[in-house]
S.K.: 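Once you've had a glance at the structure underneath, I'll fire off some questions.
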Number of protein chains: 2
Amino acid sequence: MQQISEAESRIMEALWRKSPLTPEQVIAAVGPENGWAPATVKTLITRLLKKKAIAGAREADGYCYRPLIARAAYVQSESQGLLDRLFKGEVAPLVAHFAENRRLSSKDVKQLKALIAKIEEDKK
Amino acid sequence: MQQISEAESRIMEALWRKSPLTPEQVIAAVGPENGWAPATVKTLITRLLKKKAIAGAREADGYCYRPLIARAAYVQSESQGLLDRLFKGEVAPLVAHFAENRRLSSKDVKQLKALIAKIEEDKK
DNA sequence: CAGGCCGGATTACATACGTAGTCTCAAATG
DNA sequence: CATTTGAGACTACGTATGTAATCCGGCCTG
């Protein structure tokens, strides 16, 4: 998978959120919130097209873009990359790090508890 | 904190692992394993100096470099950045993602269990 | 048909980054 | 003192990225 830059990933997020989108919709979705001119959005789109991360096609609603990469795959790639770089590829050390630095919210803890319980249940 | 590139972070890791290090030691520590020429390492060092991520000084063992940024701070910044970008700033969704994609090792689960238990114990 | 619109290509410029060589000046050494 | 060594500055070149404008060809509309 070719690298998708942070700016480019914001286009992807818009398309993952709702797809397909017309060029105008993409511009409206990401332009104002990022302070981008339409030309900037168009450039990012062109780069994503070149990277085959999205595809454009004429559809019932007119010309539209849709993602060619699943968000889960992108998220996995980015996350695993960070874990590989900083935590020997494993999840637990990252969680431990947040715990040690008081950056685990009580909400996080509650959800992690439920998650672990579910994982163990699924194992039986 | 100024951005530290991946290549630069490898110099940091060497200094976090063992510090202070002479220029020669840094080159030996990161050069071969990354396929870098000494000039490349020197460039990366110069950039880190400019970013004030490391400092060089004459010491008992000669001229040495030491990190000016704690690994924990760097790790927190990078990790939080990823969580902010992809997981609404929270840890649990990342763990859930790995669980859903069958990317949580049994070792991870075991350690997470212990970690959660410890957190709850520390709360009492 | 002519003009306008639109999507993608192309261009522009600056910074960051990866990789590496060269130069300069100060300190160390013989 | 002269020479060597070494650290950091500077240079080089290509790619990636951020931000944005312009251009070109095809299609649609009046």
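Numbered from 1 within each chain, the chains take letters A, B, ... in sequence-line order.
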S.K.: I want to confirm an ordering. Mapping Thr22(B) and Lys50(B) to their closest nucleotides on DNA chain D, which one lands closer to the 5' end?
M.R.: Thr22(B)
S.K.: From the list dT19(D), dC17(C), dA7(D), which nucleotide is the closest neighbour of the side chain of Pro23(B)?
M.R.: dA7(D)
S.K.: Kindly check if the number of other-residue, nucleotide or ligand heavy atoms within 6.0 Å of CD (Glu24(A)) is above 12?
M.R.: no
S.K.: On DNA chain C, check which nucleotide each of Thr40(B) and Lys51(B) is closest to and give me the residue with the more 5' one.
M.R.: Lys51(B)
S.K.: Side chain of Thr43(B): nearest nucleotide among dT19(D), dA21(D), dC10(D)?
M.R.: dC10(D)
S.K.: Quick one: do Glu120(B) and Lys113(A) make a salt bridge, cutoff under 4.0 Å?
M.R.: yes
S.K.: Salt bridge check: are Glu13(B) and Arg17(B) linked by an N-O gap of less than 4.0 Å?
M.R.: no
S.K.: Can you tell me how the ring of Tyr74(A) sits relative to the ring of Trp16(A), calling it parallel under 30°, perpendicular over 60° and tilted otherwise?
M.R.: tilted
S.K.: Can you check the Ile27(B) CD1 to dG21(C) P distance for me, whole Å?
M.R.: 12 Å
S.K.: Quick check on contacts: within residues 6-17 of chain B, what sits under 4.0 Å from DNA chain C by heavy-atom distance?
M.R.: Glu6(B), Ala7(B)
S.K.: Hey, is the side chain of Arg47(A) pairing donor to acceptor with the base of dT15(D) inside 3.5 Å?
M.R.: no
S.K.: Give the rounded distance in Å between these two atoms: CD of Glu59(A) and C1' of dG7(C).
M.R.: 15 Å
S.K.: Starting from C1' on dT17(D), measure out to CG on Leu44(A) and report it in whole angstrom.
M.R.: 9 Å
S.K.: Which of these nucleotides, dA9(D), dT17(D), dA20(D), is closest to any side-chain atom of Thr46(B)?
M.R.: dA9(D)
S.K.: When the distance from CG of Leu21(A) to P of dG7(C) is rounded to whole Å, what number comes out?
M.R.: 13 Å
S.K.: Measure from the side-chain heavy atoms of Arg58(B) and tell me the nearest of dT10(C), dT22(D), dA28(C).
M.R.: dA28(C)
S.K.: Between the side chain of Thr43(B) and the main-chain N/O of Ala39(B), is any donor-acceptor distance below 3.5 Å?
M.R.: yes
S.K.: In this structure, how many angstroms lie between the P atom of dA7(D) and the CD1 atom of Ile54(B), rounded?
M.R.: 12 Å
S.K.: Rounded to whole Å, please give me the gap between CD in Gln2(B) and P in dT15(C).
M.R.: 14 Å
S.K.: Would a distance-only check, ignoring hydrogens and angles, find a side-chain to backbone donor-acceptor pair under 3.5 Å from Gln80(B) to Gly89(B)?
M.R.: yes
S.K.: Do the side-chain N or O atoms of Ser5(B) get closer than 4.0 angstrom to the phosphate oxygens (OP1, OP2) of dG18(C)?
M.R.: yes
S.K.: Round to a whole Å and report the spacing from CH2 of Trp36(B) to P of dT19(C).
M.R.: 6 Å
S.K.: Quick check for you: among dG7(C), dA20(C), dT22(C), whose closest atom lies nearest to any side-chain atom of Lys42(B)?
M.R.: dT22(C)
S.K.: Rounded to the Å, how far apart are Leu49(A) CG and dG7(C) C1'?
M.R.: 9 Å
S.K.: Keeping the roles fixed (side chain from Thr46(B), backbone from Lys42(B)), state whether a donor-acceptor pair exists under 3.5 Å.
M.R.: yes
